[in-house]
Student: 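Below is the structure I would like to discuss, written out as structure tokens.
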Amino acid sequence: RIKQILRMMIDESVSKMWGREARTDHLDEEICQLMKKAGCVRVKLGFESGSDKVLKDIQKDETKEDMRIGAKMLKDAGVPFTAYFMAGFPTETDEDLRETINFAKEIDADYYSLSVLAPYYGTKMYYDLIEKGVALDKKPWEYFFHQTADLMVNDKIKKSTLNEYLSLNSL
């Protein structure tokens, strides 16, 4: 269906700049090429982590290889993309975050959005953490600001590694 919509945009010469959110495992070469021809100015991709272990733990249902392939297809088609990453997942280690740092550099996104995990009130992760006895003592709306360097549910990651991760914004 997306290919049909993109072809219609091209055929009708729709001259509106647009962007979209996507999953890398839902892209193929033709979709990426059609997005470029149809005027897509940016795709936002939620990579979340560069560690397959963390991706499995958070039930992302995408692998690092899926993401690598999707990013390359967008690059090859000339479609800019933003890579969204998070740090501070409950099971994440320094080694996992280093994998994320290296992966973020490897995919060479046009833009990065880096944040620290904030378990949104009402989500499965929020309730799973409460059930495990994690003290989530902020007011629900306070969890929506996650651009700080404060780890909320992880005490395994070193501050120096977190700072290196957050410095990726300057790439």
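We use all heavy atoms of the structure for the numbers below, so side chains are in, but hydrogens, waters and symmetry mates are not.
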Student: Can you tell if the side chain of K36 reaches within under 4.5 Å of the side chain of Q33, non-hydrogen atoms only?
Tutor: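 Counting from C-beta outward, K36 and Q33 never come under 4.5 Å.
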
Student: Within the 4.5 Å heavy-atom criterion, are M9 and K37 side-chain neighbours or not?
Tutor: no

Student: Would you say E29 has more than 12 foreign heavy atoms packed within less than 6.0 Å of its CD?
Tutor: no

Student: For Y112 and F47, run side-chain contact (heavy atoms from CB on, under 4.5 Å): C-alpha distance rounded to whole Å, both residues' side-chain angles, the deciding distance at 0.1 Å, then the answer.
Tutor: CA-CA 10 Å; Y112 292 90; F47 289 91; over 6 Å; no

Student: Test K3 against D28 for salt bridge (charged side-chain N to carboxylate O under 4.0 Å, His left out), laying out the working first.
Tutor: CA-CA 10 Å; K3 291 177 186 180; D28 64 29; 2.9 Å; yes

Student: Between D76 (side chain only) and M73 (backbone N and O only), is there a donor and an acceptor less than 3.5 Å apart?
Tutor: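 It does not hold such a pair.
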
Student: M67 versus L45: any side-chain heavy-atom pair under 4.5 Å?
Tutor: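 Side chain of M67 against side chain of L45, heavy atoms only: no contact under 4.5 Å found.
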
Student: Under a 3.5 Å distance rule, please check whether D94 uses its side chain to pair with a backbone N or O of K158 as donor and acceptor.
Tutor: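 The answer is yes, because a donor-acceptor pair under 3.5 Å joins these two groups.
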
Student: Do N163 and S160 have a side chain donor and acceptor closer than 3.5 Å?
Tutor: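 Judged by distance alone, the side chains do not pair up.
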
Student: Applying the 4.5 Å side-chain criterion to the ILVMFWY set and letting contacts propagate, would I107 and Y84 be lumped into a single cluster?
Tutor: no

Student: For the CG atom of L168 and the OG atom of S113, what is their distance to the nearest 0.5 Å?
Tutor: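 Going from the CG atom of L168 to the OG atom of S113 covers 12.0 Å.
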
Student: Give the intermediate values and the outcome of side-chain contact (heavy atoms from CB on, under 4.5 Å) for residues V54 and L97.
Tutor: CA-CA 9 Å; V54 171; L97 188 52; over 6 Å; no

Student: Do other residues, nucleotides or ligands put more than 12 heavy atoms under 6.0 Å from E95 CD?
Tutor: no

Student: Applying side-chain contact (heavy atoms from CB on, under 4.5 Å) to M35 and L74, what does each step give before you reach the verdict?
Tutor: CA-CA 9 Å; M35 284 194 302; L74 287 169; 3.6 Å; yes

Student: Within the 4.5 Å heavy-atom criterion, are E99 and D52 side-chain neighbours or not?
Tutor: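 The answer is no, as the side chains (C-beta and beyond) never meet within the 4.5 Å cut-off.
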
Student: In terms of hydrophobic clusters joined by side-chain contacts under 4.5 Å, are Y127 and L129 together?
Tutor: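 Hydrophobic grouping puts Y127 with L129.
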
Student: Less than 4.5 Å apart, any side-chain heavy atom of F89 and any of I58?
Tutor: yes

Student: What heavy-atom pair brings G39 and W18 nearest, and what distance separates the two atoms?
Tutor: C-NE1, 3.4 Å

Student: I need the minimum non-hydrogen distance between T123 and P119, along with the two atoms involved.
Tutor: OG1-C, 4.4 Å

Student: Going from CG on D66 to NZ on K60, what distance comes out if it is rounded to the nearest 0.5 angstrom?
Tutor: 10.5 Å

Student: Would you find more than 12 non-hydrogen atoms of other residues, nucleotides or ligands less than 6.0 Å from K72 atom NZ?
Tutor: no

Student: Of the non-hydrogen atoms in K64 and L55, which two are nearest, and what is the gap between them?
Tutor: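 Answer, listing the atom of K64 first, then L55: N-CD1, 3.8 Å.
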
Student: Could you grab the distance from atom NZ of K156 to atom OG1 of T91, nearest 0.5 Å is fine?
Tutor: 6.5 Å

Student: Are K75 and D110 side-chain neighbours, meaning at least one heavy-atom pair lies under 4.5 Å?
Tutor: yes

Student: Distance-only, no hydrogens or angles: does the Y111 side chain make a donor-acceptor pair with backbone N or O of R42 under 3.5 Å?
Tutor: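 No, because the side chain of Y111 does not come within donor-acceptor range (under 3.5 Å) of the backbone of R42.
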
Student: Between E62 and T24, does any side-chain donor sit less than 3.5 Å from a side-chain acceptor?
Tutor: yes

Student: Going through the checks in order, is the side-chain contact (heavy atoms from CB on, under 4.5 Å) test met by E92 and I157?
Tutor: CA-CA 7 Å; E92 191 172 25; I157 296 172; 3.7 Å; yes

Student: With a 4.5 Å limit on heavy-atom distance, are the side chains of K53 and D96 in contact?
Tutor: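 K53 vs D96: side chains touch.
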
Student: Verify the cluster assignment for L34 and V14: are they in a single hydrophobic cluster under the rule of side-chain heavy atoms below 4.5 Å apart?
Tutor: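 Same cluster.
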
Student: Identify the heavy atoms of V79 and C40 that sit nearest to each other, and give their distance.
Tutor: CG1-SG, 4.0 Å

Student: Please give me the minimum heavy-atom distance between L117 and G88, naming the atom from each residue.
Tutor: CD2-O, 3.5 Å

Student: Applying the 4.5 Å side-chain criterion to the ILVMFWY set and letting contacts propagate, would V41 and I2 be lumped into a single cluster?
Tutor: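 Per the 4.5 Å side-chain linkage, V41 and I2 are not co-clustered.
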
Student: Can you name the nearest heavy-atom pair linking G50 to T100, along with the distance?
Tutor: N-OG1, 2.8 Å

Student: Membership question, hydrophobic clusters at under 4.5 Å side-chain separation (ILVMFWY): are V134 and I130 in the same one?
Tutor: yes

Student: Nearest 0.5 Å please: distance from the OH atom of Y165 over to the CG atom of L114.
Tutor: 4.5 Å

